[in-house]
Amino acid sequence: MTELREFDPFDIFDAEAARLDAFFTGLGEQDWARPTRCAGWSVRDVLGHLAGEELYNHAALDGTVKEFGARLAAEGITGFNEFNQWCVTERRAVPVEDVLAEWRAKNGETRRRMRELGWDGTQETMVGPYPNAHQAYHYDSEYATHADDIGVPVGDEEAEGRAAWRTAVGLFALGEAGSKAQVEQLADSLWVNVDHVSAELSYPQFVEATVGRPDPSLDPSLAAALRCLA
């Protein structure tokens with residue numbers, strides 16, 4: 001398996017943001033209401049989520065995560081799921097072009113600042129100081145996942161490389177989470193095992209499991225052990 005560091009997290013972040021931006025730009029009025037793989041969320045809601053979470057991204061870069069948490073607590077928000085829904089709900093009455101402009105500006109700033117902070121920089125996060133590059137890998141995965149959630153096309157020429165970096169990020173995140181899943185690389189797939197339950201997964205199948213979108217045929221114990229990202 002290719003080592004994670006061989007994939008530049010800042011270049012990937014730019015590429016996935018550009019893919020989303022191009023997709024959003026081309027949507028018609030009716031397209032924004034289409035359902036997505038995110039239960040209860042339309043395409044517009046996914047954009048609202050991406051725009052709203054920049055509040056956290058900027059707090060992490062600014063070193064104001066504690067103040068950010070206090071603001072959420074004042075709103076009665078105590079967890080990330082509640083925060084995500086709050087971001088969506090707050091923007092449903094805002095013109096979609098304004099939400100798109102908000103996301104473009106704020107995410108553009110996030111990506112610029114993270115690139116400037118570089119490989120060896122550190123952000124303040126909800127779990128404490130965390131490597132900037134690793135945070136970028138998490139954002140890369142989230143953007144790719146939500147792009148898939150809303151049906152953003154990926155060209156054949158990109159699919160293999162995209163599956164490779166997403167697999168590397170998934171393996172990294174499993175190790176970071178202390179997952180009990182055993183994963184071994186085969187010639188062109190991955191063998192996974194948890195408590196003597198095993199399966200052979202393609203890279204895309206493995207990626208989908210790590211982000212909580214597993215194939216329905218995957219054993220629930222394997223699906224639970226492999227989920228480590230969005």
Query raised in the report: Going by heavy atoms in the side chains, are Leu117 and Gln123 under 4.5 Å from each other?
Result: yes
Report task. Working to the nearest 0.5 Å, report the span between SG of Cys87 and CG of Leu55. Result -> 6.0 Å
Query raised in the report: Could you state the interatomic distance from CG (Leu61) to CZ (Arg112), rounded to the nearest 0.5 Å?
Result: 9.5 Å
Requested in this report: Apply side-chain contact (heavy atoms from CB on, under 4.5 Å) to the pair Tyr56 and Met126, showing each step before the final yes or no.
Outcome: CA-CA 9 Å; Tyr56 172 76; Met126 296 293 283; 3.3 Å; yes
Query raised in the report: Taking C-beta and beyond as the side chain, do Asn107 and Leu50 meet within less than 4.5 Å on heavy atoms?
Result: no
Requested in this report: Enumerate the residue pairs fulfilling salt bridge (charged side-chain N to carboxylate O under 4.0 Å, His left out) with a member in residues 48-63, sequence neighbours excluded, ordered by first and then second residue.
Outcome: Asp62-Arg113
Requested in this report: Sequence neighbours left out, what pairs pass salt bridge (charged side-chain N to carboxylate O under 4.0 Å, His left out) with at least one residue falling in residues 22-32?
Outcome: Asp31-Arg34
**Report entry** Partners meeting salt bridge (charged side-chain N to carboxylate O under 4.0 Å, His left out) with Glu102 (sequence neighbours left out)
**Finding:** Arg91, Lys106
Query raised in the report: Are Asn57 and Glu109 close enough that some pair of their side-chain heavy atoms sits under 4.5 Å apart?
Result: no
**Report entry** Contact check, side chains of Thr110 and Phe13, non-hydrogen atoms, under 4.5 Å
**Finding:** yes
Query - With sequence neighbours excluded, residues passing salt bridge (charged side-chain N to carboxylate O under 4.0 Å, His left out) with Arg44 - result: none
**Report entry** Shortest non-hydrogen separation from Gly48 to Val99 and the atoms involved
**Finding:** CA-CG1, 4.0 Å
Query raised in the report: Using 30° and 60° as the class limits, which term best fits the ring planes of Phe24 and Trp103: parallel, tilted or perpendicular?
Result: perpendicular
Query - Val194 to Ala181 - nearest heavy-atom pair and separation - result: CG2-CA, 3.6 Å
Query raised in the report: Hey, are the side chains of Asp11 and Arg115 touching, using non-hydrogen atoms and a 4.5 Å cut-off?
Result: yes
Query - Over all atoms of both residues, closest heavy-atom pair of Phe83 and Ile77 - result: N-CG2, 3.5 Å
Requested in this report: Measure across Cys228 and Ala173 and return the closest heavy-atom pair with its distance rounded to 0.1 Å.
Outcome: SG-CB, 3.6 Å
**Report entry** Main-chain N/O of Phe80 paired with Asn84 side-chain donor or acceptor, under 3.5 Å
**Finding:** yes
**Report entry** Qualifying residues under side chain to side chain contact (heavy atoms under 4.5 Å, CB included), relative to Ala144, sequence neighbours excluded
**Finding:** Glu16, Arg162, Trp165, Arg166
Requested in this report: Verify, without hydrogens or angle tests, whether Tyr139 (side chain) and Arg111 (backbone) share a donor-acceptor contact under 3.5 angstrom.
Outcome: no
Query raised in the report: Checking side-chain contact (heavy atoms from CB on, under 4.5 Å) for the pair Ile12/Tyr143: CA distance, chi angles, key distance, verdict?
Result: CA-CA 10 Å; Ile12 293 172; Tyr143 268 44; over 6 Å; no
Query raised in the report: Do Gln185 and Tyr203 get their side chains close enough for a donor-acceptor pair, meaning under 3.5 Å?
Result: yes
Query - Inter-residue atom distance Ser179.OG - Leu174.CG, 0.5 Å rounding - result: 5.0 Å
Query raised in the report: Among all residues two or more places apart in sequence or in another chain, which pass the salt bridge (charged side-chain N to carboxylate O under 4.0 Å, His left out) test with Arg104?
Result: Asp21
Query raised in the report: With Thr78, which residues qualify under side chain to side chain contact (heavy atoms under 4.5 Å, CB included), at least two apart?
Result: Glu82
Requested in this report: Name the orientation class of the two ring planes belonging to Phe10 and Trp119 (parallel below 30°, tilted from 30 to 60°, perpendicular beyond 60°).
Outcome: perpendicular
Report summary line: Correct closest heavy-atom pair for Val169 and Ser141 would be CG1-CB, 4.2 Å
Query raised in the report: Any side-chain heavy atom of Phe23 sitting closer than 4.5 Å to one from Pro153?
Result: yes
Report task. Would you mind reporting whether Glu208 and Pro214 have side-chain heavy atoms less than 4.5 Å apart? Result -> no
Query raised in the report: Is there a side-chain contact between Val46 and Cys38 (heavy atoms, below 4.5 Å)?
Result: yes
Query raised in the report: To which residues is Trp191 joined in a hydrophobic cluster, defined by side-chain heavy-atom contacts under 4.5 Å among Ile, Leu, Val, Met, Phe, Trp and Tyr, whether direct or through other members?
Result: Leu186
Report task. Could you label the plane-to-plane angle of the His146 and His49 rings as parallel, tilted or perpendicular, counting under 30° as parallel and over 60° as perpendicular? Result -> perpendicular
Requested in this report: To the nearest 0.5 Å, tell me how far Leu20 CG sits from Leu47 CG.
Outcome: 9.0 Å
Query raised in the report: Any idea which heavy atoms bring Thr36 and Val43 closest together, and the distance?
Result: CG2-N, 3.5 Å
Query raised in the report: What pairs meet the side chain to side chain donor-acceptor pair (under 3.5 Å) rule with one or both residues in residues 66-75, with sequence neighbours excluded?
Result: none
**Report entry** Gly118 backbone acceptor or donor facing Asn132 side chain under 3.5 Å
**Finding:** yes
Query raised in the report: Roughly how far, to the nearest 0.5 Å, is OG1 of Thr167 from CG of Leu4?
Result: 11.5 Å
Query raised in the report: Is it the case that one hydrophobic cluster holds both Val154 and Val152, taking links as side-chain heavy atoms less than 4.5 Å apart, direct or via other members?
Result: no
Query raised in the report: Is Thr210 reaching over with its side chain to a backbone N or O of Val207, donor-acceptor style, under 3.5 angstrom?
Result: yes
Let me check something: any side-chain donor-acceptor pairs from residues 215-227 under 3.5 Å, sequence neighbours excluded? List them with distances.
{"from": "Asp215", "atom 1": "OD1", "to": "Ser217", "atom 2": "N", "distance (Å)": "2.7"}
{"from": "Asp215", "atom 1": "OD1", "to": "Ser217", "atom 2": "OG", "distance (Å)": "2.6"}
{"from": "Asp219", "atom 1": "OD1", "to": "Ser221", "atom 2": "N", "distance (Å)": "2.8"}
{"from": "Asp219", "atom 1": "OD1", "to": "Ser221", "atom 2": "OG", "distance (Å)": "2.4"}

Query raised in the report: For Tyr130, what residues pass the side chain to side chain contact (heavy atoms under 4.5 Å, CB included) criterion, not counting sequence neighbours?
Result: Thr125, His134, Gln135, His138, Phe172, Glu176
Query raised in the report: What residues, two or more places apart in sequence or in another chain, satisfy salt bridge (charged side-chain N to carboxylate O under 4.0 Å, His left out) together with Arg213?
Result: Asp149
Report task. Would you give the length of the straight line joining atom CD1 of Ile150 to atom OG1 of Thr145, rounded to the nearest 0.5 angstrom? Result -> 11.5 Å
